[in-house]
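Below, chains carry the letters A, B, ... as their sequence lines are ordered, and counting in each starts from 1.
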Number of protein chains: 2
Amino acid sequence: MKFTVLRSSGHARRGIVETDHGTFDTPAFMPVGTQGTVKALTPHDLENLGAEIVLSNTYHLYLRPGTEVLCKAGGLHHFMKWSRPILTDSGGYQVFSLSELRKIEEDGVRFRSHLDGSMHLFTPERVVEIQRAIGSDIMMVLDECTPYPADEEYASRSNDLTLRWALRCREQFDRTRPEYGHAQNIFGIVQGSVYPGIRERSARALVSIGFDGYAIGGLAVGEPAEEMYEIVALCNELLPERAPRYLMGVGTPENLLEAIDRGVDMFDCVMPTRNGRNAMLFTRTGRLNITNAQYKFDLLPLDPVCECYACRNFSRAYLRHLFVSKEILGLQLASIHNLYFYQWLMREARSAIMEGSYQDWKQHQLSYLVQEVSQT
Amino acid sequence: MKFTVLRSSGHARRGIVETDHGTFDTPAFMPVGTQGTVKALTPHDLENLGAEIVLSNTYHLYLRPGTEVLCKAGGLHHFMKWSRPILTDSGGYQVFSLSELRKIEEDGVRFRSHLDGSMHLFTPERVVEIQRAIGSDIMMVLDECTPYPADEEYASRSNDLTLRWALRCREQFDRTRPEYGHAQNIFGIVQGSVYPGIRERSARALVSIGFDGYAIGGLAVGEPAEEMYEIVALCNELLPERAPRYLMGVGTPENLLEAIDRGVDMFDCVMPTRNGRNAMLFTRTGRLNITNAQYKFDLLPLDPVCECYACRNFSRAYLRHLFVSKEILGLQLASIHNLYFYQWLMREARSAIMEGSYQDWKQHQLSYLVQEVSQT
């Protein structure tokens with residue numbers, strides 16, 4: 001993997017990541033395909049809306065379809081028919097948020113499957129091996145996503161464990177080879193809750209181990225946005241210029257623009273797809289809930305200036321009808337539109353950085369992004 | 001509307017219907033878009049899989065989004081973004097099958113909406129007016145879909161009412177004009193349950209009123225397939241050569257091939273989409289339930305010789321994973337595949353008729369269609 005920063009605008013960076021499955025531009029938003037599919041979209045839809053990399057999930061893929069199926073299929077790229085880069089989350093977050101019972105030990109985390117109650121053990125080594133079977137271009141280390149709020153002592157001990165696991169992941173990564181011929185890469189994850197001292201220790205330790213990129217984890221878990229932005233800024237000051245920085249699980253369009261301004265290169269979030277399936281649409285001039293009665297006769301596109309498949313073809317009145325009638329096509333079109341919006345936002349951000357005017361552009365966008373759209 | 005029979009093979013006919021929204025080839029299968037969307041598919045998907053005409057439903061569209069929305073949108077074609085022909089069922093069948101309370105009177109049928117309990121009256125005149133607002137290329141008369149089994153007296157009285165309603169529909173059609181500039185057409189519906197005498201009276205009466213095409217209704221409602229085929233053959237002998245014949249709500253691939261052999265030109269059925277959403281897939285060599293454990297590691301396409309988007313890109317193992325994981329993409333791909341299969345079957349049937357070898361081709365197909373696919 002090769003990361004090249006083409007231009008900076010303040011702390012904001014416009015870069016390119018080269019992988020064996022092609023390049024992606026940064027700042028990048030990765031649509032979330034938890035179970036090996038971005039919900040309600042075909043890979044063809046994803047390419048059309050401008051996605052260059054997708055995220056999938058080790059925990060989910062390990063439980064279903066299982067590594068045996070993925071190996072037989074020649075890895076996740078072939079299985080889900082996505083030929084561009086894939087990043088896989090390690091599954092740590094899902095173990096902590098989904099499984100009914102989990103026990104953290106030095107060796108790893110023992111958990112009960114949320115699907116069938118079966119017991120499993122994720123060790124750092126095992127998580128690397130599973131991601132070898134998945135064949136993701138970028139794998140993530142096993143970490144404990146420290147819950148919020150956490151007292152400083154808990155956050156510190158949790159981070160120490162995350163760091164020991166990170167080293168074991170790195171070592172297992174170095175001991176093993178890719179299974180499908182293409183190079184794989186591994187990112188470390190900075191933890192430390194909202195404590196600058198722990199975050200600093202975490203970042204420095206990970207850099208000294210050495211990873212292909214660095215993620216900032218344990219944010220957007222309930223802390224105020226300002227606190228998140230401060231931690232992001234602090235981490236990015238400590239992380240190397242030469243490696244991509246990935247803010248995990250974030251977030252709203254506003255969050256993305258602020259984090260880019262503090263040096264973040266990569267994002268993932270279920271928000272565009274999940275909110276879309278719940279009838280909430282992002283537009284250039286604010287958000288709208290398409291089931292509102294005010295859209296019953298509204299023949300405008302969801303967003304009159306958007307060029308996505310949904311906006312080029314359908315009216316708000318039709319989308320409202322689909323949602324009110326619980327038609328699957330509503331979920332498809334809303335997901336296409338919201339992901340297109342996120343990709344558009346990243347393209348615009350990249351242009352603004354190239355022009356050296358990111359901060360002005362950001363302020364201009366922020367004045368629109370959080371409005372509710374009134375009928376026009 | 002113009003209907004041209006290009007060639008016959010026995011009673012099977014290969015024709016072309018020309019409408020103001022373009023032509024469609026017969027024998028034709030119409031995907032069902034009850035609420036102004038073929039479930040889980042975009043109009044783009046529908047064109048790609050070869051659909052030339054879709055069916056939608058007066059009862060559903062009248063209740064939701066309502067004619068006021070459709071009028072403002074300039075008709076259903078614009079609303080759902082489908083520029084090819086649309087046929088609308090009159091809603092009679094849905095009133096009888098869906099509404100909680102219905103009362104048949106000479107004037108029409110009074111019913112309670114299955115959505116909100118509100119009371120409505122469908123008269124023959126009203127149903128034509130609603131279909132004017134929808135703007136369908138082919139509208140259907142209001143009929144009573146005689147339930148099965150029905151005694152001969154009930155079937156006879158029911159058919160008499162259907163005939164009186166058919167005349168009123170025709171008169172209302174002649175009194176009114178299209179609302180959107182394109183020509184509309186109207187089909188009569190032959191009823192009469194399984195009684196040849198009533199079917200004959202029905203067909204003769206409708207032909208004497210005169211319609212652009214003739215449907216055979218009240219079949220595939222529980223009667224044995226052989227009985228259905230006999231009634232179809234009888235009706236088609238009585239219906240004019242110059243007009244298309246439409247067998248409503250039918251059916252399985254086998255049903256279609258047998259009905260074509262008896263002179264039917266048009267079909268609609270929810271089977272390919274509904275069964276697809278329930279994991280049942282049609283293939284050239286039989287049917288398969290994709291959730292079966294035998295497909296867990298099966299890397300073949302759903303149907304190795306099929307050229308649909310699903311088969312060109314995905315394995316049975318992936319489709320199974322999507323269904324087991326309750327992912328929306330499974331519903332999309334299964335619907336695409338099954339509808340493509342039905343369109344393929346009609347294309348092949350049309351070719352066989354052109355070659356004058358329909359009956360041989362049909363026998364060959366029937367030997368495969370009903371098999372369960374074993375793992376290959």
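When all heavy atoms are compared, the tightest approach of Gln332(A) to Leu41(B) is OE1-N, 3.8 Å. Between Pro43(B) and Tyr309(A), the shortest heavy-atom contact is CD-OH, 3.6 Å. When all heavy atoms are compared, the tightest approach of Pro65(A) to Lys296(B) is O-CE, 3.8 Å.
With a 4.5 angstrom heavy-atom cutoff, Phe314(B) touches chain A only via side-chain atoms. For a residue to count as touching a neighbouring chain, one of its non-hydrogen atoms must lie under 4.5 Å from one of that chain's; by this rule Leu322(B) touches chain A with the side chain only. Heavy atoms of Gln35(B) lying under 4.5 Å from chain A belong to its backbone as well as its side chain. With a 4.5 Å cut-off on non-hydrogen atoms, Arg320(A) does not touch chain B at all.
Judged as a ring pair (Phe, Tyr, Trp, His ring centres under 6.0 Å), and not counting sequence neighbours, the contacts of His60(A) are His114(A).
Distance NE2/His44(B) to CG/Asp45(A): 8.5 Å, rounded to 0.5 Å.
Within 6.0 Å of CD in Glu307(B) there are 12 or fewer heavy atoms belonging to other residues, nucleotides or ligands. Heavy atoms of other residues, nucleotides or ligands lying less than 6.0 angstrom from CD of Glu68(B) number 12 at most. Heavy-atom contacts from other residues, nucleotides or ligands closer than 6.0 Å to OH of Tyr93(A) number 12 or fewer.
Considering only heavy-atom pairs separated by less than 4.5 Å from chain A, the leading option among Asn313(B), Ile328(B), Val38(B) is Asn313(B). The candidate with the highest count of non-hydrogen atom pairs below 4.5 Å against chain A, out of Thr37(B), Leu331(B), Leu115(B), is Thr37(B).
Within the 4.5 Å cutoff, side-chain heavy atoms of Arg64(B) are placed close to those of Val324(A).
By a heavy-atom distance cut of under 4.5 Å, Lys72(A), Ala73(A), Phe79(A), Met80(A), Lys81(A) are the residues of residues 72-83 of chain A near chain B, going up by number.
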